[in-house]
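Heads up, the thing below is written out as C-alpha cells.
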Amino acid sequence: MTEAEFLERLCALPLHPGAHGLRDDAATVAGLVVTSDTLVEGVHFLPDDPPGDVAWKLVATNLSDLAAKGALVEGVMLNYPLTDLAWDALFLDGLATVLAAYDARLIGGDTVSLPVGAPRVLTVTAFGRDAAAPVRGGARAGDALWVTGTIGDAGAGLAIAQGAAGPAALLARYRRPMPRLAEGRALARHVHAMMDVSDGLLIDAARMAMASGLAVTVALDAVPLSMDYAAWSGDRMAAVTAGDDYELLFAAPAGWTPPVPATRIGGFAAGAGLALSDGGARVALPARLGWQHG
C-alpha cells in the first residue's frame, strides 16, 4: 500500500474537525496547533549521524510545521526507543540544546525498547499556540508562489554525510535544519496558504496546488540557491527535488511584498497539476518530484 492509498483509507475514518481532512501537516485542537513527525534510522537519518544532531533534527522538523502555521512553541512530547547507553546520552545532550534554542518545553511522552539491531524510530509531537494557521489548501488563482531561504542545501548535505566532498555549511543544513518560526509569525496572517518544504520543493508545491484545487507553475531559474550550493553543484533540478530544506513555501496575492526575505518562484492559476519553466520556456518535469513513502 502506498502512502497516498493509506491516507485515502484514513480519510474514510471518523475525523476530528481540526484534522483539516488530513490534507495538512498539522491539526487544530482546542485552540492549539498539533503536529507529529517520526524519524526512522536509515530512512530519515543515517546510522552514523551524530545522536545530538538527530535530536536537533527530530525537534526542528516538528517546529517547522508550527512555523508554517505562524504558531508560538508551547511544548513537545517525545516517544523514544532506549537502545545504546552512550547513544542515548548524546541524544539527550542534543535534545537539551535544541529545546533551549527554541524555548521549547518537554511535556511528556513514552519510552520503549527495540529488538537488538532494529533501526531507531523516534517521534516528537509538538504543540503551538496563538496561530493564524493558514492551511496548505488556501491558495487562490492569481496568487504568487514564494519561498524563504535557499533550496537544495540539505540534499547536498546528505550527499556530504554519505561521503561526498563539500563544505560544513551544507552538511549542517542537512543535520541541523533551522525552522523558520519568526518568518512564519510574520507571514501567517497575510498569506493564503503556507507549508514547509520537507519532501522537496516540486512535490510540496504540487501538494499545495492539489489541496487548493489549482494548477501551479514553478520557475526553475528563479529558485534561490545558496553560494555554497552554487559552488558545490548549482544543479537546480537536483535542488528542487531534494528534501529536508524546511523553508516556508507560501501563496500570496501577486502584488503583495512579503515582510521577510523570500523569493517569488511561480504562481497559481485555474486548472490542475504542476508545470515547470526555465527562462520562460516550459520544461519537462523530472521523473521524481521529491521524496515519497511507498
Side-chain angles (χ1 to χ4, degrees), residues 1-29 33-35 64-71 131-148 151 184 187-220 222-223 240-241 243 245 247-256 258 262-277 282-294:
M1 186 179 294
T2 67
E3 182 180 16
E5 290 167 341
F6 188 78
L7 287 173
E8 185 178 354
R9 291 284 299 273
L10 287 180
C11 287
L13 300 177
L15 297 181
H16 188 284
H20 308 299
L22 301 184
R23 294 186 297 271
D24 212 84
D25 290 327
T28 307
V29 181
V33 173
V34 184
T35 185
S64 183
D65 285 335
L66 297 186
K69 301 304 173 192
V135 295
R136 71 163 63 173
R140 304 174 188 176
D143 277 355
L145 178 67
W146 296 79
V147 70
T148 62
I151 296 298
L187 291 167
R189 299 185 188 280
H190 305 284
V191 303
H192 293 153
M194 188 156 61
M195 62 187 293
D196 69 340
V197 180
S198 56
D199 293 333
L201 178 65
L202 290 189
I203 197 169
D204 286 330
R207 287 166 175 166
M208 181 178 285
M210 180 180 294
S212 302
L214 296 171
V216 65
T217 298
V218 173
L220 187 63
V223 173
V240 296
T241 54
D245 287 308
E247 296 293 348
L248 295 178
L249 188 70
F250 59 96
W256 179 74
T263 304
R264 182 172 176 172
I265 59 168
F268 294 87
L274 168 72
L276 191 60
S277 69
R282 185 82 169 257
V283 297
L285 292 172
R288 185 183 67 88
L289 298 181
W291 171 257
Q292 284 184 290
H293 293 279

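For the atom pair Thr241 OG1 and Leu289 CG, the distance stands at 8.5 Å (nearest 0.5 Å). One distance of note links CZ of Arg207 with CG of Leu274; it measures 12.0 Å at 0.5 Å rounding.
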* **Verdict with reasoning, Thr217 to Ser277, per side-chain contact (heavy atoms from CB on, under 4.5 Å)** => CA-CA 7 Å; Thr217 298; Ser277 69; 4.3 Å; yes
* To do: List the steps and the verdict of side-chain contact (heavy atoms from CB on, under 4.5 Å) for Leu145 and Arg264.
  => CA-CA 6 Å; Leu145 178 67; Arg264 182 172 176 172; over 6 Å; no
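The minimum heavy-atom distance linking Gly21 with Cys11 is given by the pair O-SG, 3.5 Å. Of all the heavy atoms in Ala193 and Gly138, the pair that sits closest is CB-N, 3.7 Å. Minimum interatomic distance between Asp143 and Ala251 (heavy atoms only, all atoms of both residues): OD2-CB, 3.9 Å. Across Ala215 and Ala270, no two heavy atoms sit closer than the pair CB-O, 4.0 Å.
Between Asp204 and Ser198 there is a side-chain heavy-atom pair separated by less than 4.5 Å. Side-chain contact check for His20 versus Thr28: some heavy-atom pair is nearer than 4.5 Å. Side-chain contact between Pro258 and Phe250: present, with at least one pair of heavy atoms (C-beta onward) separated by less than 4.5 Å. In this structure, Met208 and Phe268 have side chains that are in contact, with non-hydrogen atoms separated by less than 4.5 Å. Two residues are said to be in side-chain contact when any heavy atoms from C-beta on lie closer than 4.5 Å; Arg282 and Leu276 fail this criterion. A 4.5 Å side-chain heavy-atom check between Leu201 and Ile265 finds at least one atom pair inside the cut-off. A heavy-atom distance below 4.5 Å is found between the side chains of Val218 and Leu202. Side-chain contact check for Pro253 versus His192: some heavy-atom pair is nearer than 4.5 Å.
Residue pairs meeting the salt bridge (Lys or Arg N to Asp or Glu O under 4.0 Å) criterion with at least one partner in residues 187-196, sequence neighbours excluded, are Asp130-Arg189. Residue pairs meeting the salt bridge (Lys or Arg N to Asp or Glu O under 4.0 Å) criterion with at least one partner in residues 17-29, sequence neighbours excluded, are Asp24-Lys69, Asp25-Arg136.
With Ser212 contributing its side chain and Ala139 its backbone, the two residues share a donor-acceptor pair below 3.5 Å. Thr148 places a side-chain N or O within donor-acceptor distance of the main-chain N or O of Leu248, the cut-off being under 3.5 Å.
By the side-chain contact (heavy atoms from CB on, under 4.5 Å) test, Ala27 is found to be paired with Val29, residues two or more places apart in sequence or in another chain being considered.
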